[in-house]
Amino acid sequence: MSEEPIAEPSADGPTDRSEPAPAPTSAPDTTGGAPTGAPEGGSREAGPEQDGPVSADAAMRSLQEGTAADDAERSDAQRAGAIADLIARRLNADASGTRIGTLALFNDTVSFGGGFNAGGERHPRGAPRGGGTVLPLAAAELADHTELFVHPEGYASALSALSERRLLVLTGPSGSGREATAVNLLAEALALGGADGGGVCHRLLDPVAVLAADWEPPVKDSGYLLAVEDGRAGARDFEGLPRRLPAVVAALRHHGCHLVLTGGQDLAVTVRADGTEAVAVHVLTPVDPLAVLERRVLGHGGAPSARAALRATLASGSVADTLREMPAARHAARLAADVRAGRDVVAAAAALRDPSDQVRTWFDRHRNPEAVAFALAAAVLEDSGYLTVAEAAVRLRAALAAPEPAPPDVRFRDRLGDEQQWIRLDADTSGPPRVRFRSPLLGQVVLIYAWTGLDGWREPLLSWLRRLLDHHDLEVRARAAVAAGILAWADHHYAVHRFLTTWAAADSWQLRQAAATALGVAGSREESTEAVWELLHGWARGGSSVRQRRLAGTAANTAGGLLGREAPARAVAVLHDALDRDDDWGTLPSVAWGGVHLVHRGRARELLDAYLDWSAPRDHSPMVVKSLSAFLFATGRPYEPVSGGPAEGVSGVPLLLSALPAHEERMAELWARALACGPLRDRALAALREWIDVHAERGGRPALEALNRLLWDVSRTSRPHRERLLWWLGAWAEDRERPSRNAALLRDALARTT
């Protein structure tokens, strides 16, 4: 560029300028939330936050001066918002044909026909216990177990072991059909042995009695079923089985009897200990519940056409989905009974699948901190890797249990098929196995139930959740924030005053972002939407103290998120309330970022209309300058694709440039106003050159063509605008240090127009 003074046209005609063209404002490569570690209305150099209005200069510096740390945090905010959006959409989808009701759902009387009850271990009321008391299985119960039995994998080897060794330990998860399998094994073993007593099967009502020194089978030539209670306490009693095994087996042989012990994971661990090699153990592989249902409906035969019709009915009515989520054999038997009786099996499956019944039943059965901690960790971090969930569960367990002198021997994975049947580990080809609930709605019901029902654990649960918000893993932080929003569904008022307001006014940007995410999730449900919007408006209209400014900033951040995408008119109203604060410029950065978030959620039209409305006076009043400043800020935020993000654009190019053809008229007017506004002219020119030199290169020919049309539209608004654009395009094209090829092309194109 020549060192001689160059004439630049102004609104009143050409003027002399000897200063070089302003350097373009550097634009971060990412998007996100409000600045971290800096005052809401000032730069990092502005010093400690103070009450009272923040100056325009401080607010402008905060918008213009960014650091790598700021960019990383804002990128985190964008990705966290996308994750939260995906999770919230899944939570609000009626995936199972049922919805979570109000808090009263957990206070009503609940029928537990389904759920996660103990699988088949039924004990009649009033049955005596102790002293080796036995109870013969009734003919109807025996027939129910044997007539339509589906053999599990490895059944033949289990039968061989029982026939040869007289005693078999049969382990498997609750609901896997272990009692039915045990009864069939006993019946066949007795038949193979030619028992004279008719092969009667008995239930031993006092399991520990078998370990007594003088125990003998009460009835000869019979089979005995001994169900060990699930849990470590019940299994621990059988640690002495190896020592008693020879005497027990000898007594069984002497009386022509067989014995099957059934139990869960804890019994399996106990009989795998040192010295138990002599114990015959069979681990039961659960049978396909659809096979159980088909056998009970069609019997051992069944024409192919009948089988095909039954499968079609099960698939169309989501019955098959129910059995995949709840694979216990008893559920298949229950639905088969409905089919045979001509009842509405689809309605029965929906009732069985209701997550509220399942959760209430599970919590009634499992009260130990280890099981509850993993269930809650899975509910908060569902779809995360196993180690991430397990680590969080260990930390929560430590908060729920008494202090221990050494790290506990906790093995969550071993108990997933037993205590946590509603959770599965899904293999992931791109990484570690993922922890997921079998039903998409179970996780949120687990959280709400624990929050509303486990009163003594509410405080440690909230403290644990708060610590997750500081986790080094972005996905963990995002999911914890979503979980906080789910907790607000149970009691919005309590959540706002218990933790959400504290987080929203915190000095930590990360915590304020978590509050915004939680509020977006909380407001995504119809019952709480209005209350959340009212809260945001109240925060946005607050005073100018540090705390109130932070609340206003969080309100703006929330409005730019999930809620704003669904209700953009209300979102821009909150942004207006947060921006229109007389001489207080402290909320400008947060409002500007809230606008960027709206653009990245596909709401550019509504935001641009708002900026046009707020800057309509075209003067230098605070609201006009703030609005145009926020607009210019949005033009400089490059778009970075985020998995699940709602908007589409070109990576590295501001979304307002990629979407320019759809908003040409609005954009031209806002650019014209920014270029005509004295306090913002240099910023507007720097932003325009950034579009021409940097982003148009990334966007390719379509971006350059869109820019050509934009400059033509701006030049038509007034003669001074045309002269100013021609002058600056020429100056950039001839810049000795940074000559701009694109500026030369655009200048020539504009000069040819009339």
Side-chain angles (χ1 to χ4, degrees), residues 8-15 17 19 21-25 27 41 53-65 572 575-576 578-589 591-593 595-596 599 604 607-637 654 656-657 660 663-692 707 710-729 731-732:
E8 182 220 1
S10 67
D12 301 319
T15 59
R17 290 177 61 97
E19 63 199 49
T25 303
V54 175
S55 69
D57 289 343
M60 293 297 187
R61 285 199 307 272
S62 181
L63 282 182
Q64 293 178 340
E65 298 173 2
V572 297
L575 295 181
H576 178 274
L579 199 62
D580 190 14
R581 296 160 66 93
D582 299 326
D583 294 331
D584 184 2
W585 289 67
T587 56
L588 174 58
V591 171
W593 276 111
V596 170
V599 171
L607 181 71
L608 296 176
D609 283 343
Y611 287 158
L612 286 169
D613 181 43
W614 304 344
S615 62
R618 296 177 176 82
D619 54 20
H620 296 171
S621 61
M623 193 61 182
V624 171
V625 177
K626 290 177 184 178
S627 303
L628 295 176
S629 296
F631 163 70
L632 291 174
F633 183 76
T635 65
R637 300 310 101 192
L656 287 181
L657 176 55
L660 184 54
H663 309 289
E664 211 166 278
E665 183 178 347
R666 296 178 178 85
M667 294 283 286
E669 179 60 29
L670 285 168
W671 272 109
R673 292 181 188 180
L675 289 166
C677 183
L680 295 178
R681 185 172 300 153
D682 285 351
R683 284 189 58 209
L685 288 168
L688 184 59
R689 185 171 187 187
E690 191 83 355
W691 270 28
I692 293 171
L707 262 175
L710 173 70
L711 295 179
W712 164 238
D713 289 337
V714 173
S715 72
R716 292 191 302 168
T717 60
S718 70
R719 180 178 178 83
H721 273 316
R722 177 181 173 82
E723 294 177 353
R724 181 181 292 113
L725 287 174
L726 285 170
W727 188 90
W728 277 107
L729 288 171
W732 296 334

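The first residue in the sequence is number 1, and the count goes up from there. On a predicted model such as this, the values are computed, not experimentally measured, just so you know.
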Next on the checklist: Are more than 12 heavy atoms, taken from residues, nucleotides or ligands other than R716, located less than 6.0 Å from that residue's CZ atom?
Outcome noted: yes
Item to check | Stepwise side-chain contact (heavy atoms from CB on, under 4.5 Å) check, L588 with V54 | outcome: CA-CA 10 Å; L588 174 58; V54 175; over 6 Å; no
Checklist entry - Could you go step by step and tell me if L680 and M60 meet the side-chain contact (heavy atoms from CB on, under 4.5 Å) rule? => result CA-CA 10 Å; L680 295 178; M60 293 297 187; 3.7 Å; yes
Between [Y] and [X], is there a side-chain heavy-atom distance shorter than 4.5 Å?
X: R683; Y: L628; answer: no
X: D580; Y: W614; answer: no
X: E669; Y: Y611; answer: no
X: H620; Y: V624; answer: no

Checklist entry - Does the pair D619 and S621 meet the rule for a side chain to side chain donor-acceptor pair (under 3.5 Å), with working shown? => result CA-CA 6 Å; D619 54 20; S621 61; 2.6 Å; yes
Checklist outcome for this item: Result for salt bridge (charged side-chain N to carboxylate O under 4.0 Å, His left out) between R666 and one of D613, D713, D609 points to D609
Between [X] and [Y], what is the shortest heavy-atom contact and its length?
X: A592; Y: F633; value: CB-CD2, 3.5 Å
X: A674; Y: L632; value: CB-CD2, 4.0 Å
X: R581; Y: A578; value: CD-O, 2.6 Å
X: L607; Y: G595; value: CD2-O, 3.3 Å

Closer than 3.5 angstrom, by distance alone: can the side chain of [X] be matched with the main-chain N or O of [Y] as a donor-acceptor pair?
X: S62; Y: A59; value: no
X: W671; Y: L688; value: no
X: H663; Y: A604; value: no
X: S615; Y: S627; value: no

Please round to the nearest 0.5 Å and tell me the distance separating atom [atom1] of [X] and atom [atom2] of [Y].
X: L63; Y: W593; atom1: CG; atom2: CH2; value: 9.5 Å
X: L612; Y: M667; atom1: CG; atom2: CE; value: 10.5 Å
X: C677; Y: R681; atom1: SG; atom2: CZ; value: 8.5 Å
X: L725; Y: E723; atom1: CG; atom2: CD; value: 10.5 Å
X: L657; Y: L710; atom1: CG; atom2: CG; value: 8.5 Å
X: F631; Y: L608; atom1: CZ; atom2: CG; value: 6.5 Å

Checklist entry - What's the verdict on side-chain contact (heavy atoms from CB on, under 4.5 Å) for I692 and L729, showing C-alpha distance, side-chain angles and the deciding distance? => result CA-CA 10 Å; I692 293 171; L729 288 171; 3.7 Å; yes
Checklist entry - Would H576 and V572 count as a side-chain contact (heavy atoms from CB on, under 4.5 Å) if you check the C-alpha gap in whole Å, the side-chain angles of each, and the deciding distance to 0.1 Å? => result CA-CA 6 Å; H576 178 274; V572 297; over 6 Å; no
Checklist outcome for this item: Only one of V599, L656, V596 passes side-chain contact (heavy atoms from CB on, under 4.5 Å) with T635, and that residue is L656
